[in-house]
Protein chains: 2
Amino acid sequence: MSCDTARVNDHGLSYFEDYVPGASYECGSVSFDQASIVTFAKEFDPQPFHVDPVAAAASPYGGLIASGWHTASAVMRVLVENYLSAESSLGSPGLDEIRWPSPVRPGDTLRVRATVAEARRSLSKPDRGIVKTLIEGVNPEGQPAFRAIAINFVLVRPPSGG
Amino acid sequence: MSCDTARVNDHGLSYFEDYVPGASYECGSVSFDQASIVTFAKEFDPQPFHVDPVAAAASPYGGLIASGWHTASAVMRVLVENYLSAESSLGSPGLDEIRWPSPVRPGDTLRVRATVAEARRSLSKPDRGIVKTLIEGVNPEGQPAFRAIAINFVLVRPPSGG
């Protein structure tokens with residue numbers, strides 16, 4: 001796995017107010033090789049089609065594919081570097097509708113795109129907002145191999161205007 | 001991270017027909033230590049509260065917490081060992097409603113429980129069914145620290161009765 005080296009917050013996303021519904025960001029890309037696919041899956045998801053090239057070839061997938069958790073985690077890395085802000089990200093209560101519509105195979109690279117779907121101030125905690133984001137990991141054929149709606153808590157801009 | 005060493009399919013789950021809605025299985029447990037939390041997060045989710053104990057202490061979490069992707073991946077390991085069947089598991093199109101209701105901290109152990117929520121034969125592919133499972137990772141205080149609805153494709157039992 002490797003990631004683009006774009007600077008954190010290349011998009012100028014610092015606080016809740018910067019996440020505007022409809023805005024879409026190309027966040028970088030992530031590549032998968034056979035070694036990283038097998039290493040991850042041996043630790044976390046040792047199903048035959050993730051860890052054993054021979055068994056994988058005989059499976060319905062016709063070859064080794066990445067664990068969906070590997071794909072999701074690798075996409076997260078790109079989001080931490082180029083979408084979430086170290087200044088304001090307060091973590092996530094969860095995600096909805098995680099899907100892996102196409103398998104990720106050794107040699108594949110996914111472009112990661114983040115589209116702000118919803119942004120609202122918290123009613124109970126006025127220092128933050130809740131941002132929902134459509135996350136997509138798109139393969140070179142233009143097909144999404146990963147898709148999810150991420151929910152994130154993000155600090156509002158301090159009153160000082162900081 | 002460590003996992004119980006219970007045999008694969010301790011519960012006798014081999015094919016689609018064995019996953020009966022309402023049935024609930026204790027699948028084992030998974031433990032998190034600071035080193036594994038930091039190692040995972042440095043690779044996939046390098047937010048301060050996952051990788052830096054000092055920054056984490058000053059964060060709203062008051063200390064280091066595991067990346068949600070680490071928690072999910074570690075729970076997956078237990079499911080591969082004690083819920084899914086190597087004979088019949090065809091992978092997953094995705095999950096719904098992933099939530100991390102409580103943080104996972106160094107030293108925590110989660111018990112993993114899988115409850116069959118829904119099981120239906122595929123209309124388009126008669127060799128398989130679709131199983132939806134409520135997955136829970138419960139901490140020693142009895143609170144869920146991970147929850148999701150997993151969707152899995154599972155082969156039906158071969159006509160031979162195999």
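Order of the sequence lines sets the chain letters (A, B, ...), proteins ahead of strands, with each chain counted from 1.
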Which bit of A/Ile149 is near chain B, if near means a heavy-atom gap under 4.5 Å: side chain, backbone, both or neither?
->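 Neither part; nothing is under 4.5 Å.
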Quick one: which of B/Pro103, B/Pro48, B/Gly91 has the most heavy-atom pairs under 4.5 Å with chain A, could you say?
->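 Ranked by contacts with chain A, first place is B/Gly91.
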Heavy atoms only, distances under 4.5 angstrom: which of B/Pro101, B/Ser59, B/Ala148, B/Ser92 has the most pairs with chain A? Name it, please.
->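 When all of B/Pro101, B/Ser59, B/Ala148, B/Ser92 are compared, B/Ser92 has the most.
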Rounded to the nearest 0.5 Å, how far apart are [atom1] of [X] and [atom2] of [Y]?
X	Y	atom1	atom2	result
B/Ser73	A/Glu43	OG	CD	8.5 Å
A/Arg99	B/Leu95	CZ	CG	8.0 Å
B/Phe44	A/Arg77	CZ	CZ	9.0 Å
B/Asp96	A/Asp96	CG	CG	7.5 Å

Please say whether more than 12 non-hydrogen atoms of neighbouring residues, nucleotides or ligands are located less than 6.0 Å from CZ in A/Arg120.
->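 At most 12 heavy atoms, drawn from other residues, nucleotides or ligands, come within 6.0 Å of this atom.
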Same cluster or not: [X] versus [Y], using hydrophobic residues (I, L, V, M, F, W, Y) connected whenever any side-chain heavy atoms lie under 4.5 Å apart?
X	Y	result
B/Leu155	B/Phe153	yes
B/Val104	B/Phe49	no
A/Leu84	B/Ile65	no
B/Leu110	B/Leu134	no
B/Val51	B/Phe32	no

Between chain B and each of A/Phe146, A/Trp69, A/Tyr61, count heavy-atom pairs under 4.5 Å; write down the option with the most.
->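 Winner by heavy-atom pair count: A/Trp69.
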Per-residue contact mode, B/Pro60 against chain A (heavy atom under 4.5 angstrom) |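 The answer is the side chain of B/Pro60.
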Would you mind checking which part of B/Leu79 comes under 4.5 Å of any heavy atom in chain A, side chain (CB onward), backbone (N, CA, C, O), both or neither?
->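 Contact with chain A involves no heavy atom of B/Leu79 at all.
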